[in-house]
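Counting convention: from 1, in listed order, for ligands and their atoms alike.
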Amino acid sequence: MNLLFTPLDSTLGARVTGGRIADFTETEWTQVIDGFHTYAALVFPDQHLTPEEHVAFGKRFGEIECLRPGQPYVAVSNLTPDGKIMTPKEKRYQTLRGNEGWHTDSTYMPISAKASALAAEVVPAEGGETEFADMRAAYDALDADTQAEIADLAAYHSLYQSQAKAGFVFKTGEAYGYHTDGAPLRPLVKVHPVTGRKALFIGRHAYRIPGMSDADAAALLDDLLTAACQAPRTYLHRWQPGDIMVWDNRCVLHRACPYDYQQPRVMRHVRIAGEPQTECGIGAIADERADGYAPSPAAH
Ligand code: OGA
Ligand code: MN
């Protein structure tokens with residue numbers, strides 16, 4: 001059997017049809033991994049994977065990054081474990097709202113993520129899409145002067161910073177990613193370890209550039225982000241229950257789109273770990289702190 005890859009109306013992404021993931025042959029898996037490297041984001045409609053099948057899907061791309069100890073998948077959902085709608089005071093709600101900013105997963109961790117696989121279970125009638133942006137094409141679209149200007153720059157990535165900017169102050173240890181061991185420093189231009197293609201490596205967790213004032217860094221990062229996340233490099237996925245998507249966090253930004261948070265939205269997320277050789281930061285600074293972290297006034 002052969003899978004069909006239909007490119008999306010964007011520089012990234014393809015829709016994959018023609019088989020059930022749970023039944024893919026080794027030949028089809030080779031097609032999928034090749035397609036992942038070519039398209040950077042893949043949509044598999046109408047799959048309705050069980051959590052176990054979802055985790056097995058993730059393992060085809062690499063080791064699983066557990067967002068909770070011993071738990072290979074997590075709910076990305078506005079429902080509490082007993083099925084009630086979360087209130088805005090809940091940290092998990094604040095995490096969902098933070099996801100509405102362009103980002104790539106786990107860049108604030110010592111090893112940033114390779115890929116993420118997100119499956120839809122319950123979706124609201126309106127909104128709640130996920131949008132993707134191709135940072136390979138975004139890099140290629142920069143003029144030569146800008147490419148030269150950023151070639152050797154790097155930024156620190158921090159979830160405290162990105163959540164504080166969104167209006168949510170978290171304490172150390174309060175949720176995944178709020179660690180104490182320093183914010184990783186990552187190049188603004190990432191060379192893809194498999195394809196060798198350059199991609200802009202930015203997003204909401206990036207906040208400080210060595211050798212620049214924080215204000216200049218923020219302005220540069222904002223300008224790059226705004227220019228990058230434009231057609232034809234973006235794709236908005238309108239979820240149907242049963243869809244699963246996988247994207248390459250090394251060259252794709254994504255964000256959640258708002259919806260009526262009184263309506264349930266239940267997604268399941270499996271994160272695939274980066275490789276230590278290529279997804280480690282360049283270094284770390286010790287400005288992530290213990291409880292009581294306060295964002296600078298400029299962050300509000
Ligand atoms: C994520 C994420 C976006 C969404 O799961 O990492 O950013 O639309 N999700 O839920
Ligand atoms: Mn995410």
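Between Y93 and Y261, the angle of the ring planes goes over 60°, which puts this pair in the perpendicular group of the 30/60° scheme. Relative orientation of the F170 and Y178 rings is parallel, given thresholds of 30° and 60° on the angle between their planes. Taking the six-membered ring where the residue is Trp, F57 and W29 present tilted rings, their angle falling between 30° and 60°.
Using modelled atom types and a 3.5 Å distance limit, the side chains of R97 and Q163 yield no donor-acceptor pair.
Taking every heavy atom of H254 and a limit of under 4.0 angstrom, the matching atoms of ligand 1 come to 1 (C), 2 (C), 6 (O), 7 (O). Atoms of ligand 1 found under 4.0 Å from any heavy atom of H103 (numbered from 1 in listed order, with element): 7 (O). Close approach of ligand 1 to V76 (heavy-atom distance below 4.0 Å) involves ligand atoms 5 (O), 10 (O).
The single protein non-hydrogen atom nearest to atom 3 (C) of ligand 1 is A256 CB, 3.7 Å, given as residue, atom name and distance. Given atom 8 (O) of ligand 1, the protein heavy atom at minimum distance is T130 OG1, 2.6 Å. The protein non-hydrogen atom at the shortest distance from atom 10 (O) of ligand 1 is R265 NH1, 2.9 Å.
In this structure the side chain of E63 never reaches within 4.5 angstrom of the side chain of K114, judged on heavy atoms. Using a 4.5 Å heavy-atom cutoff, the side chains of M212 and L220 are in contact.
The Mn ion (ligand 2) sits nearest to atom OD1 when only the N, O or S atoms of D105 are considered.
For atom 6 (O) of ligand 1, the nearest non-hydrogen atom from the set H237, E129, H269, R268 belongs to H269.
Contact check on R255 versus E129 returns no salt bridge, with no Lys/Arg side-chain nitrogen under 4.0 Å from an Asp/Glu carboxylate oxygen. Under the 4.0 Å criterion applied to side-chain N and carboxylate O atoms, K84 and E90 are not assigned as salt-bridge partners.
Neither the backbone nor the side chain of L96 has a heavy atom within less than 4.0 Å of ligand 1. If you look at E131 next to ligand 1, there are no close heavy atoms at all, none under 4.0 Å.
For H269, every N, O or S atom stays at 2.8 Å or more from the Mn ion (ligand 2).
Taking the Mn ion (ligand 2) as the corner point, the angle from H254 atom NE2 to H103 atom NE2 is about 80° (rounded to 10 degrees).
Geometrically, R271 does not engage Y176 in a cation-pi contact defined by less than 6.0 Å to the ring centre and at most 45° from the axis.
For the pair D105 and ligand 1, the shortest N or O to N or O distance falls below 3.5 Å.
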